[in-house]
Amino acid sequence: MLRKQIKTILNTVPLLTTIGYLVDDFLAGKRMAAGKIDTITGSKHQSLALEESIDYIEEVLADYKHYGEIEKFYGVIAEVGPGDNAGVALLMRHDGCSRVDLIDRYYSKRNIEQQGKIYTALDKKYNLDVFNTGKQWDEKLLSGINWKIGQSAEDYFQKVALEQGEIYDFIVSRSVLEHLYNPITGLRHMVDCLKPGGRIFHKIDFRDHGMFTPKHHELTFLEIPQYLYPRMVQNSGRPNRILVHRYKQALEEMKNQGLISYKLLVTRLVEVGDIQPHKRYEEIDWVKRQESIRFIEQFKNKFAKEFYHLNSEELSVTGVFLVVTKNNIC
């Protein structure tokens, strides 16, 4: 109760909130150095009822297929940041893929009994028992699903690229890349790990994930100076503040090198909210785009230097669905 009260007080003053995050991230670094990688981050299903968990797993898979324009998953897949559940990976195996590697820097805390109920419900609906190698549902005994916990996605894919080369048909994530310390480097290594014709599907949320909201406007975290912000987030996995313009720059570079083709769909605009279905920026209703830009320009003069001179259109994009296809290079 006291901790909750202190957090409430800190959140009312941005400067105090910043100090709180600096201290917390420092302590998170100490915990990681000691090998303590347990976290509630990614514990998505802890707060969901059973039916909600099943709906969420199905929604994630459906989004990948719909916006990635595929009917079924196949081959070898890497899912980045699976959190506390392998349900999406199980349904990918049900589709026909041979292996799913689950990569996560942290170990998301989970309720084992609850997870067993989720897997049992999925089995009842999709007949997944062939992937269960134990007497009961156990995430460590799922056929063709490998947990690779304790290393960052950036390091993992760099190592795979150097040692094994092009092994993945798909690399996917949902609301994960915004938590990586260096997602652009990670994205480049992911492309290196794709087979020719392989695809990447990432849904990326550029918001502050509650760091300053809802007490303050949703772009308050862009006001923190660059020399401070990394010290608030690098060990704790809070949003990295790498926005859409950085992704577009890297994607265009790889495209111009002949490595990839890509599409970038907007999932959310600041102030406006979710864009359903997801669309290219220029396809979004002009009135909504202008509403979002007006909101940006109310606060832009307070942004840190790295954001102050950016195009307001790019700053208005607070979520994207990214689809990358690796070219066949002769």
Side-chain angles (χ1 to χ4, degrees), residues 42-45 53-54 56-68 70-108 110 115-116 118-123 125-134 137-161 163-177 179-180 186-187 189-195 197-203 322-326:
S43 300
K44 174 71 178 180
H45 296 272
S53 288
I54 303 304
Y56 176 78
I57 290 166
E58 292 174 331
E59 177 190 335
V60 171
L61 190 76
D63 272 0
Y64 289 151
K65 290 182 177 181
H66 178 71
Y67 293 108
I70 63 169
E71 291 187 10
K72 288 181 177 290
F73 279 99
Y74 55 85
V76 182
I77 301 173
E79 182 184 1
V80 185
D84 59 350
N85 184 270
V88 174
L90 268 174
L91 295 188
M92 289 173 171
R93 288 282 283 127
H94 179 259
D95 259 3
C97 76
S98 58
R99 191 180 92 219
V100 184
D101 293 338
L102 305 177
I103 298 98
D104 211 318
R105 181 183 181 188
Y106 303 100
Y107 176 82
S108 297
R110 61 205 67 185
Q115 295 299 321
I118 294 172
Y119 296 133
T120 299
L122 286 172
D123 176 33
K125 190 169 185 178
Y126 293 98
N127 191 23
L128 304 176
D129 195 56
V130 65
F131 305 119
N132 180 17
T133 64
W137 282 101
D138 184 336
E139 65 180 27
K140 297 176 182 177
L141 300 175
L142 301 177
S143 174
I145 297 177
N146 305 313
W147 292 87
K148 297 179 180 292
I149 306 299
Q151 53 188 320
S152 70
E154 302 95 308
D155 290 344
Y156 174 81
F157 287 107
Q158 181 180 33
K159 182 178 180 181
V160 168
E163 296 180 359
Q164 301 179 60
E166 302 167 333
I167 65 169
Y168 290 114
D169 295 277
F170 297 93
I171 300 174
V172 304
S173 76
R174 179 165 175 127
S175 296
V176 173
L177 261 64
H179 299 290
L180 302 189
L187 181 60
H189 290 319
M190 291 177 201
V191 170
D192 291 338
C193 294
L194 279 181
K195 296 177 183 178
R199 304 183 205 182
I200 290 172
F201 307 148
H202 290 313
K203 190 172 185 178
L322 171 63
V323 179
V324 176
T325 302
K326 187 167 183 177

What closest approach, in Å, do [X] and [Y] show between heavy atoms, and which atom pair accounts for it?
X      : Y      : value
Thr325 : Gly197 : CG2-O, 4.1 Å
Leu141 : Thr133 : O-OG1, 2.6 Å
Cys97  : Gly75  : CB-O, 3.2 Å
Gly87  : Ile57  : C-CG2, 3.6 Å
Ala78  : Ile103 : CB-CD1, 3.7 Å
Gln115 : Asn85  : OE1-ND2, 2.6 Å

Check: [Y] main-chain N/O paired with [X] side-chain donor or acceptor under 3.5 Å:
X      : Y      : result
Ser143 : Asn132 : no
Asp95  : Lys72  : no
Arg93  : Val100 : no
Tyr106 : Gly81  : no
Tyr119 : Ala86  : yes
Asp169 : Val76  : yes

Checklist entry - Would you find more than 12 non-hydrogen atoms of other residues, nucleotides or ligands less than 6.0 Å from Gln164 atom CD? => result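 For Gln164, atom CD is crowded (more than 12 foreign heavy atoms under 6.0 Å).
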Please report the interatomic distance [atom1]([X]) to [atom2]([Y]), rounded to the nearest 0.5 Å.
X      : Y      : atom1 : atom2 : result
Arg99  : Ile145 : CZ    : CD1   : 12.0 Å
Tyr168 : Ile200 : OH    : CD1   : 12.0 Å
Met190 : Tyr156 : CE    : OH    : 11.0 Å
Ile171 : Leu194 : CD1   : CG    : 4.5 Å
Leu122 : Leu90  : CG    : CG    : 6.5 Å
His189 : Leu187 : NE2   : CG    : 10.5 Å

Checklist outcome for this item: In short, salt bridge (charged side-chain N to carboxylate O under 4.0 Å, His left out) pairs touching residues 137-154 with sequence neighbours left out are Arg110-Glu139
Check whether any side-chain heavy atom of [X] sits under 4.5 Å from a side-chain heavy atom of [Y], and report yes or no.
X      : Y      : answer
Val60  : Glu79  : no
Glu58  : Tyr126 : yes
Tyr56  : Ile118 : no
Ile149 : Leu102 : no
Phe170 : Met92  : no
Asp104 : Pro82  : yes

Item to check | side chain to side chain contact (heavy atoms under 4.5 Å, CB included) evaluation trace for His202 with Val176 | outcome: CA-CA 8 Å; His202 290 313; Val176 173; over 6 Å; no
Item to check | Val323: partners by side-chain contact (heavy atoms from CB on, under 4.5 Å), with sequence neighbours left out | outcome: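 Listed in chain order: Phe201, Lys263, Phe321.
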